[in-house]
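Report on the structure given below.
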Amino acid sequence: MPSAQKITALRGMRDVFSAEYARYQAIQARLERHLRLHSYIAIDLPILENTELYLRKSGEDIADRLYEFDFKSRRVALRPEVTASILRAYVERLQDEPLPLRIQYSGPVFRYEKPQQHRYRQFTLTGAELLGADGPRADAEVLHLACSGLEQLGVTDYSLTIGHTALLEEFLNRLGLRKQLVNFLLRNMENLRKRGLKAVLESLETIYPEFQGAALAAESANANDAEQSQRLINVLREMTDSEAHQAVTDFLHSLNIRIAANRDEGEVIERLLRKIREDQQAPKLQLALDFMQRLGDLAGAPADVLPGARALAEEFDLDRDILMSLERTLNCLAEYGESPGRTQLDFGMNRGLHYYTGLIFELHAAAPDGEPIQLAGGGRYDNLVSTLGGSEPTPAAGFAYGIERLDSVLPSDNDRSPEPAVFVIPVAEEDYAAGIGIAADLRAQGIAVEMSIVDRTLRRSLRHADRRGAALVVIIGEDERRQRAAILRDMRSHQERQVGLADLTRIVVERLSEHE
RNA sequence: GUGGGCGUAGCUCAAUGGCAGAGCACCUGAUUGUGGUUCAGGCGGUUGAGGGUUCGAGCCCCUUCGUCCACCCCA
């Protein structure tokens, strides 16, 4: 026989066989039930979406991990996560639902990454979204839901790490850094701590060569050669956009300077401001990095971290509500009965998806080899509905579990694939009709039946039934055919008896219940 | 993207540079209507692909592809 080229599964894609598949299904079913008991309605959404859905806000890292292609002149992508689809569906079809709206989902997602242990290119998420509610109660519900789901599964030794994107974002926005730079810094918050200032600056220069000067200046940290003209700039730097705009307008007017009539005055001032601010990127970058380093040090038990966070917020005059709200969330979580010992705060954490606007969190537990792996992640994304064209700004938060990861953490209680309870062996061609009838009767009683369809000796058929783990075997041969009966053989006790066809189903049911 | 390991029968893997093997699975028989054991036999290979060194390459060298693992990132 000429052997053709073997076709293998794509890299990072896995075939999931019976025992493993049964475990996944059990995990998923338990989580879905858990979410349902919290009134999260299950919905199912397409796996294929418009590429645009993920480019808008998910972030650049996800964009180049997208399975994305042109199909009939349309850009489509396999979903790398489900939140965007949920909100897309909400904007499209569900905006007339009373809020808050609670939704759950389960299904595969695809990310083109280098596969390795506990990381596949296709994996399964079960997640929940809470739409139209914000504040500590909503955040705490989401956190509690994620944690208690793990407990439902029997994962007891897990840790909850909570971060927050708003402090840094507020600080960076007030600084007036260029949008690109702000995004870069937000993305590299965690890298700053893990790999240090130098590595972050290097990567900044690689990605955005135009900031090279700024990065260098920030590194040498003495970009402040004050000139006279610098004073106005420094004043402007401290202002918000609209304040600065007004100040420049007033200033020009007071000097009786007229902008050329063919150009929009506002636009000219915008440009002027932008120019001034670009010149100021270096010292601002320095400020930003200092702030980020201090923020990154704020990690540990909430009681240890919060005082430092408060002091930092005070020092930079950041919105007090952010931390107060976070504390209330933690208190509320305690009311749910979550043991505070496993909760960590980490202001240096950031996440791969860039739509988060507030609370972010991750759940970790130890894999069998002792290495901690992430089981779930989520957070708050209050702008995503608007980004996707929602008619009203709608706060939202959610999270998702990785089913395969959960399985790797749970003890594999060797539950075997469902075994056929009864194996039916017609000995000769003439016996098949009777065999089919018997099988149908048994199945009508909810009993799993495997029918022998291969030409084999009785000996080999029994051997096969045995290996399959059948509890009972029904044999129909010449004698039985004549007597309108069958042999019922108990594979465990090795005992067999002839049973009339009329009584067979009843007796099989009895025998199986004895086997239980 | 960077670094390492491994590609040999359907599966899991052996084989100092010298006849390509074992276990499992499948099939046949010992036992023609009775099982997980045993015994005998059978099927099964372009050693991932291409090139090089050599009297001789599964083994050494180069290239390439595949795959696993680590970094990175994440579920």
Between B/C24 and B/U67, how far is it from one C1' atom to the other, in whole Å? 23 Å
Which residues pass the side chain to side chain donor-acceptor pair (under 3.5 Å) test with A/Y105, not counting sequence neighbours? none
When rounded to whole Å, the CG to C1' distance for the pair A/D466 and B/G36 reads 5 Å
Looking at A/F423 versus A/H464, is the centre-to-centre ring distance below 6.0 Å? yes
Can you give the dot-bracket line for RNA chain B, where a pair is Watson-Crick or G-U wobble with both atom distances under 3.5 Å, crossing pairs use [ ], and | marks a partner on another strand? (((((((..((((....[..)))).(((((.......))))).....(((((..]....))))))))))))....
On a whole-Å scale, what distance lies between the P atoms belonging to B/A15 and B/C72? 35 Å
For B/C68 and A/Q116 - does any side-chain N or O of the residue sit under 4.0 Å from the phosphate oxygens OP1/OP2? no
If we take the C1' atom in both B/A49 and B/G66, what is their distance in whole Å? 10 Å
Does NZ or CZ of A/R14 lie under 6.0 Å from the centre of the six-membered ring of A/Y120, at an angle within 45° of the ring axis? yes
Measure the distance between the ring centre of A/Y401 and the centre of the six-membered base ring of B/A75, then answer whether it is under 5.5 Å with planes under 30°. no
Length of the line joining A/E371:CD and B/C69:C1', which is rounded to integer Å: 13 Å
Kindly compute the distance separating NE2 (A/H144) from CG (A/L333), expressed to the nearest 0.5 Å. 8.5 Å
Hey, does the side-chain of A/R11 have a donor or acceptor N/O within less than 3.5 Å of a partner on the base of B/C65? no
Specify the separation, in whole Å, of atom CG of A/L125 and atom P of B/C74. 15 Å
What distance, rounded to whole Å, do you find between the two C1' atoms, one in B/G56 and one in B/U16? 15 Å
Under the 6.0 Å and 45° cation-pi test, does A/R79 pair with A/F110? no
Apply ring-ring contact (aromatic ring centres under 6.0 Å, His included) to A/F291 and list each qualifying residue two or more places apart in sequence or on a separate chain. A/F171, A/F316
Counting only heavy atoms and a strict 4.0 angstrom limit, can you tell me which residues of residues 156-167 of chain A come near RNA chain B? none
Check A/L66 against A/A77 and note the closest heavy-atom contact, atom names and distance. CG-CB, 3.9 Å
A/R119 has an atom CZ; how far is it from atom C1' of B/C69, in whole Å? 11 Å
So, A/E430 and A/R481, do they make that salt bridge, N to O below 4.0 Å? yes
Between A/H118 (NE2) and B/C73 (P), how many Å, whole number? 19 Å
Expressed in whole Å, how much space separates the C1' atoms belonging to B/G35 and B/G42? 23 Å
Heavy atoms under 4.0 Å is the rule here; annotate nucleotides 26-34 of chain B 5' to 3' with B where the base is hit, S where only the sugar-phosphate is, and - elsewhere. SSBBBB-BB
I'd like to know if A/E129 pairs up with A/R102 as an ion pair, taking the criterion as any Lys NZ or Arg NE/NH1/NH2 lying under 4.0 Å from an Asp or Glu carboxylate oxygen. no
Considering only the C1' atoms, how many Å lie between B/A57 and B/C19, rounded to the nearest integer? 15 Å
Applying ring-ring contact (aromatic ring centres under 6.0 Å, His included) to A/Y381 and not counting sequence neighbours gives A/Y355, A/Y356
Nearest to side-chain heavy atoms of A/H494, which nucleotide of B/G35, B/C68, B/C73: B/G35
Contact state string [nucleotides 2-10 of chain B, B base, S sugar-phosphate only, - no protein heavy atom under 4.0 Å]: B--------
Only counting residues at least two apart or in another chain, list the ones meeting side-chain contact (heavy atoms from CB on, under 4.5 Å) with A/R467. A/R463
Both A/M491 and A/T8 contact RNA chain B. Taking the nearest nucleotide for each, which residue is further toward the 5' end? A/M491
So what does A/D490 touch, heavy atoms closer than 4.0 Å: a base, only the sugar-phosphate, or nothing? base
Can you tell me how far C1' of B/G1 sits from CD of A/E113, to the nearest Å? 13 Å
When you check the phosphate oxygens OP1 and OP2 of B/A70, does a side-chain N or O of A/Q117 lie under 4.0 Å from one of them? yes
Relative to the 5' end of RNA chain B, which residue comes earlier, A/M13 or A/A376, by the nucleotide with the nearest heavy atom? A/M13
Can you name the nearest heavy-atom pair linking A/P46 to A/S85, along with the distance? O-OG, 4.4 Å
Using the P atoms only, state how far B/C43 lies from B/U28, rounded to an integer number of Å. 14 Å
Taken in chain and number order and not counting sequence neighbours, the residues that satisfy side-chain contact (heavy atoms from CB on, under 4.5 Å) with A/S461 are A/I425, A/S452, A/R456
Examine the base of B/C74 for any acceptor or donor lying under 3.5 Å from a partner atom in the side chain of A/R111, and report the outcome as yes or no. no
Just list the side-chain donor-acceptor pairs under 3.5 Å for residues 494-502 of chain A, sequence neighbours left out, or say none.
residue	atom	partner	partner atom	Å
A/E496	OE1	A/R489	NH1	2.9

Say you pick atom P in B/C59 and the same atom in B/C6; how far apart are they, in whole Å? 14 Å
Looking at residues at least two apart in the chain, or sitting in another chain, which of them share a side-chain contact (heavy atoms from CB on, under 4.5 Å) with A/A434? A/I476
Length of the line joining A/L78:CG and B/A75:P, which is rounded to integer Å: 18 Å
In whole angstroms, how far is the P atom of B/C74 from the CZ atom of A/R405? 11 Å
With sequence neighbours excluded, what pairs up with A/R88 under the side chain to side chain donor-acceptor pair (under 3.5 Å) test? A/E49, A/E92
